[in-house]
Number of protein chains: 2
Amino acid sequence: MLAVMSNIASGNAIAAVAALIGDPTRANMLAALMGGRALTAGELAWHGGISAPTASGHLAKLAEAGLLSVEKQGRHRYYRLSSANVAQAMESLMALAGTGPKRHRPVGPKDEALRAARTCYDHLAGRLGIALADALRAREHVHLADGVGAVTPEGERFFREFGVDLTSGSLGKRPLCRACLDWSERRHHLAGRLGAGLLDRSLALGWLARNPDSRAVAVTAEGERGFAEIFGLPEHWRDPP
Amino acid sequence: MLAVMSNIASGNAIAAVAALIGDPTRANMLAALMGGRALTAGELAWHGGISAPTASGHLAKLAEAGLLSVEKQGRHRYYRLSSANVAQAMESLMALAGTGPKRHRPVGPKDEALRAARTCYDHLAGRLGIALADALRAREHVHLADGVGAVTPEGERFFREFGVDLTSGSLGKRPLCRACLDWSERRHHLAGRLGAGLLDRSLALGWLARNPDSRAVAVTAEGERGFAEIFGLPEHWRDPP
DNA sequence: TCAACGTTTCGGCGCAGGCCGAAGCGTGGG
DNA sequence: CCCACGCTTCGGCCTGCGCCGAAACGTTGA
């Protein structure tokens, strides 16, 4: 009886947060925030396809539950995912959403762009993310076995040279190199501080360009060259597996 | 516009599965199945605190969405989580559920047992799971850095001697050693094939005993001795951190 | 063959919650 | 100083869905 009560309590807590994500409008807002950037309430209302008052209610619930954090800036209010844990939960739900009995996938061009390269909260995902992880593994800069990994000493030097300092900031507060299950490719890519640093540096170098309308990122000409020369990325990384 | 449609589509897919988990009754059923064992529809109705007809409807929905798989056996129907992905999604939602602003936790004795040692789908969690991961790391049988890990060659030999064969079965189909975020301790324990093998072998040796009413597992006298001798588990592993 | 049991289907009740329009703040620009 | 703008609060509508009782179906055991 007591065991049941304990189960019921934990189940209710799970249900509360799952129900928040379980509304299509809120899910679309959260999906829009998976790009890692903060968006205003108005932008999120647009992404959800609803009026401003309704969006405000949804955002208040998400913020109160701790899924979103708010930042006032003038007469705008910027909302962002409050932690990488939220993004991870969204990703794991995405993985489940793909495994259903429905198999038909009318892949559009936009969808294809997302599969090629996109941001996953604050790091890279898609075929580019996986190809980078493979290349770093081949050069033994990260040690990946069965989908998990750690940074080698040589890797640490390599990343520092590339411009990613893994020791700065909140050391130990966040996993350095985490494996994140890729929604479209069903393999793991690099997350954690390392994944975030690689994305930031690639953007700063002009190797990647964000798409203002979606999570997709484009690889620039310098990026193609740089990823091939510095990381040893194969030329056919865009090809579907 | 197309980008939005793509976002809306993905958001709706996420919302569909999240809404399934987002009902308290269904969440409690899923939590009951987190023990890894298959339960009958009647047992699940009892766990959810509802009548048999209502439970049947919930279970049909969960099965159709691919979250549960069914097995007919006489006049019983056994339901189980259809994959470890479902368990992982539940765990990540649990982690989110704990981070809310609500901080009060009236920890009961049953809850305490769950925090000490429990199953997480098919592997060990709680303080025991974390202590085992720590001990294996100290002996360099697994390599854990920043919450992720891999099995070392010495570890492979050690686990084979212990009775866990990591090469058999569906090799490569499932990650060998995955890091799973612990709901109660906020640290990582061992999952994947290695975690599942350790739990199975410990149960077979009589070191652990399942609790028929909850996910909690008890450590037997032989288990205390064995974990200390073979794994080098410290005696005070039960102490809260 | 019949009765008991576990499970599912059906029909109807009731409420939680998503949605909007109108109105009420607070901020920034003219 | 006032208006325009972004956002929130309030009130009311309405759909969706979780719930149960009654009844049907299939299996097991006598």
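We name chains A, B, ... by the order of the sequence lines, and we start the count at 1 in each one. What you see is a predicted model, and the numbers here were worked out from it, not measured in a lab. Heavy-atom basis, side chains included; hydrogens, waters and symmetry copies ignored.
- No side-chain heavy atom of A:E43 sits under 4.5 Å from any side-chain heavy atom of A:H76.
- Here B:T25 reaches the OP1 or OP2 of D:dC19: one of its side-chain N or O atoms lies under 4.0 Å away.
- The interatomic distance linking A:I50 (CD1) with D:dC7 (P) rounds to 12 Å, in whole Å.
- Between B:D23 atom CG and D:dG16 atom C1' the separation is 13 Å, expressed in whole Å.
- Residue-level contact check: B:K72 touches neither bases nor backbone, having no heavy atom under 4.0 Å from any strand.
- Of the possible polar contacts, none joining the B:R118 side chain to the B:A125 backbone as a donor-acceptor pair under 3.5 Å is found.
- Between A:H58 and C:dG17 there is no side-chain polar atom (N or O) within less than 4.0 angstrom of OP1 or OP2.
- The side chain of B:T54 contributes no N or O atom lying less than 4.0 Å from OP1 or OP2 of D:dG18.
- Straight-line distance from the CH2 atom of B:W46 to the C1' atom of C:dG6: 18 Å, rounded to whole Å.
- Both A:H76 and A:P53 lie near DNA chain D, and the one whose nearest nucleotide falls closer to the 5' end is A:H76.
- Between B:V219 and B:R238 there is a side-chain heavy-atom pair separated by less than 4.5 Å.
- Looking at heavy-atom distances under 4.0 Å, A:Y79 makes contact with sugar-phosphate atoms alone, never a base.
- The nearest whole Å value for the distance from the CE atom in B:M29 to the C1' atom in C:dT7 is 13 Å.
- Note on A:S51: every side-chain N or O is 4.0 Å or more away from OP1 and OP2 of C:dC19.
- The interatomic distance linking A:E64 (CD) with D:dT9 (P) rounds to 11 Å, in whole Å.
- Per the geometry, CG belonging to B:N12 stands 14 Å off C1' belonging to C:dG18, to the nearest Å.
- A:T40 has no side-chain polar atom (N or O) that falls below the 4.0 Å cut-off from OP1 or OP2 of D:dG6.
- Between the NZ atom of B:K61 and the P atom of C:dT7 there is a distance of 19 Å, rounded to whole Å.
- Residue B:N28 contributes atom CG, which lies 11 Å from atom P of D:dC19 at whole-angstrom precision.
- Taking every side-chain heavy atom of B:R75 into account, D:dT28 is the closest of C:dG18, C:dT8, D:dT28.
- In this model, the phosphate group of D:dG18 is approached by a side-chain N or O of B:R26 to a distance below 4.0 Å at OP1 or OP2.
- Although no hydrogens or angles enter the test, the distance criterion places a donor-acceptor pair under 3.5 Å between the side chain of A:R26 and the main chain of A:L20.
- Between A:A19 and B:A60, the residue anchored closer to the 5' end of DNA chain C is B:A60, taking for each the nucleotide with the nearest heavy atom.
- Without hydrogens or angle criteria, A:S92 side chain to B:Q88 main chain gives no donor-acceptor distance under 3.5 Å.
- Within the 4.0 angstrom heavy-atom criterion, base atoms lie near A:A52.
- Neither OP1 nor OP2 of C:dG6 sits under 4.0 Å from any side-chain N or O of B:R77.
- Side chains of B:L124 and B:L198 form no contact here, defined as non-hydrogen atoms less than 4.5 Å apart.
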